[in-house]
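Chain identifiers are assigned alphabetically (A, B, ...) following the order of the sequence lines, protein sequences preceding nucleic acid strands; residue numbering begins at 1 within each chain.
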2 protein chains.
Amino acid sequence: MTTSYHHGDLRAALLARAEAVVEQDGVDALSLRALARDVGVSHAAPARHFRDRQALVDALAAAGFARMTQELAAASRPTATGPADVWDRLAAVARAYADFATSRPGLLSVMYASKHAEDADPALLEAGHACLQVVVDLVADGQADGSIADGDPVELSRVAFAAVHGVASLSTGGLLEDLPLDVALDRVVAVLVGGLRADRQRADR
Amino acid sequence: MTTSYHHGDLRAALLARAEAVVEQDGVDALSLRALARDVGVSHAAPARHFRDRQALVDALAAAGFARMTQELAAASRPTATGPADVWDRLAAVARAYADFATSRPGLLSVMYASKHAEDADPALLEAGHACLQVVVDLVADGQADGSIADGDPVELSRVAFAAVHGVASLSTGGLLEDLPLDVALDRVVAVLVGGLRADRQRADR
DNA sequence: ACATGAAGTAGGCAATGCCAACATCTAGTC
DNA sequence: GACTAGATGTTGGCATTGCCTACTTCATGT
């Protein structure tokens, strides 16, 4: 029963092993056959669950976005104890993003691998948008209580997301040089706060 | 003479063809043997110029950074005609970055492929740092003429670079959704201006 | 002239992705 | 309970790839 002809949940097992490989040796080291060996099935079994190698990578990326969405949402939720105004929540989300990015750089690079412009897997795009939505909601909250300046919350949140993502991306790419990530992150959050706050003096040029 | 045993400048020919392939079909479609066929040499000839496939990709990335450095520097230079204060120059650099990123998304993703954290090719890292230096100089100029707030120019410029890079990255990844890149770029520049300007009101929390 | 090394060639090997054909298990259906 | 259909897994094959080890050709300095 336990080790019958069929595996039970091969798809999940493949994804789990794939994520470990990606994290350890990078996405280029990902091999369907090696994966099958590791999991203990024949070399063609993965094809029953993933059309081709790229489909597996896409699934990995979508799962990564789903997990990141949860972590960002958890960081964004205002805590019962403490003030937790929008700026604190924004900083918390930024920290959560940086934590995710630095603890799983391989997965993150897979998530943003830009072979998804034209022939994008819709599920993957949707997962990415769901992740962005966390920040949209946060910005909308800030506008509702008057902390954040007026403007399309989608535009503003994209800017904030992009800035944090850029810092994390530079960090994992080794381009931050000797500048510690948390310092750069504090800086970027400070700039965002300065640029988004409702009571800032005329900053339009 | 022209088509003798040796090629003449095989290394450059391989790099040129490789960049075209990367731009058209992505870095995963890059094959040393196909490259050799395209250029008209035997399948082992590229090994005389690149230790392995990764070495070729690294060289491609370094060349990309070199070209981007030139374009950013050109955009950063204050024009003889017109005012060209630091903010205009900053916006111009941001536009130049976005242009480069969107016109060569494949090359850009190769440049930032984060397999260069530990075993980084020193030439590649240096090329990246040279590129960042353009923005460092720009920020230093802004601080010199009192436009930009005091602070480590390296830190501030990294923030600006990261923000712009993040927007470009989201754009090529299709995560900007229906938000046009130039709009997002204007927004991020506005936020940066608001966050970096010297005369802003107390924005430190 | 001739040795030396750089640059290109030819062939081999293991690994990979994908495909087709076959085997086994699971779930309905009568 | 037998039967069938489809999902899941296996085996074998093929073209391609990266890398390795010779071997060949050319250019250059003495």
> Near DNA chain C, which residues from residues 11-27 of chain A have a heavy atom under 4.0 Å away?
Replying inline: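 Nothing qualifies; none.
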> How about B:F65 and B:F100: are their ring centroids closer than 6.0 Å?
Replying inline: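 Ring-ring flag for B:F65/B:F100: false, centres at least 6.0 Å apart.
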Whole-Å distance separating the [atom1] atom of [X] from the [atom2] atom of [N]:
{"X": "B:D28", "N": "C:dG17", "atom1": "CG", "atom2": "C1'", "value": "13 Å"}
{"X": "A:F50", "N": "C:dC19", "atom1": "CZ", "atom2": "P", "value": "16 Å"}
{"X": "A:D52", "N": "C:dT16", "atom1": "CG", "atom2": "P", "value": "17 Å"}
{"X": "B:D9", "N": "D:dC26", "atom1": "CG", "atom2": "P", "value": "19 Å"}

>> From the set C:dC18, D:dG18, C:dT9, return the single nucleotide nearest to any side-chain atom of A:L32.
In response: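 The closest nucleotide is C:dC18.
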Taking atom [atom1] of [X] and atom [atom2] of [Y], what is their separation to the nearest 0.5 Å?
{"X": "B:S31", "Y": "B:D25", "atom1": "OG", "atom2": "CG", "result": "11.5 Å"}
{"X": "A:Q143", "Y": "A:L196", "atom1": "CD", "atom2": "CG", "result": "9.0 Å"}
{"X": "A:E177", "Y": "B:H129", "atom1": "CD", "atom2": "NE2", "result": "4.0 Å"}

So what does [X] hit on the nucleic acid, given a heavy-atom distance under 4.0 Å: a base, only sugar-phosphate, or nothing?
{"X": "A:L56", "answer": "nothing"}
{"X": "B:R51", "answer": "nothing"}
{"X": "A:L35", "answer": "nothing"}
{"X": "A:R33", "answer": "base"}

> Under 3.5 Å, is there an N or O donor on one side and an acceptor on the other linking the side chain of B:H49 and the base of C:dG8?
Replying inline: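 Flag unset: no donor-acceptor pair detected.
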>> Salt bridge or not between B:D141 and B:R89? Use side-chain N to carboxylate O under 4.0 Å.
In response: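 Counted as a salt bridge, because a side-chain N and a carboxylate O are separated by less than 4.0 Å.
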> Between A:E71 and A:R104, is there a side-chain N and carboxylate O pair less than 4.0 Å apart?
Replying inline: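 Here A:E71 pairs with A:R104 in a salt bridge, since their nearest N and O are under 4.0 Å apart.
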> Taking for each residue the nucleotide of DNA chain D with the nearest heavy atom, is it A:R48 or A:H43 whose nucleotide lies nearer the 5' end?
Replying inline: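 The 5'-side residue here is A:R48.
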> Start at the 5' end of DNA chain C and walk down; is the nucleotide closest to A:R53 or to B:A45 reached first?
Replying inline: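 First, find each residue's nearest nucleotide; the 5'-ward one identifies B:A45.
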>> Does a side-chain N or O of B:S31 approach OP1 or OP2 of D:dT16 to a distance below 4.0 Å, or not?
In response: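 False: B:S31 side-chain N/O out of range (4.0 Å or more) of D:dT16 OP1/OP2.
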> Taking only N and O in the side chain of B:R37, is any of them less than 4.0 Å away from OP1 or OP2 of D:dT17?
Replying inline: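 For B:R37, the contact criterion (side-chain N or O under 4.0 Å from OP1 or OP2 of D:dT17) is met.
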> Taking A:S169 for the side chain and A:H165 for the main chain, is one N or O donor matched with an acceptor at less than 3.5 Å?
Replying inline: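 Pair absent, no side-chain N/O of A:S169 close to backbone of A:H165.
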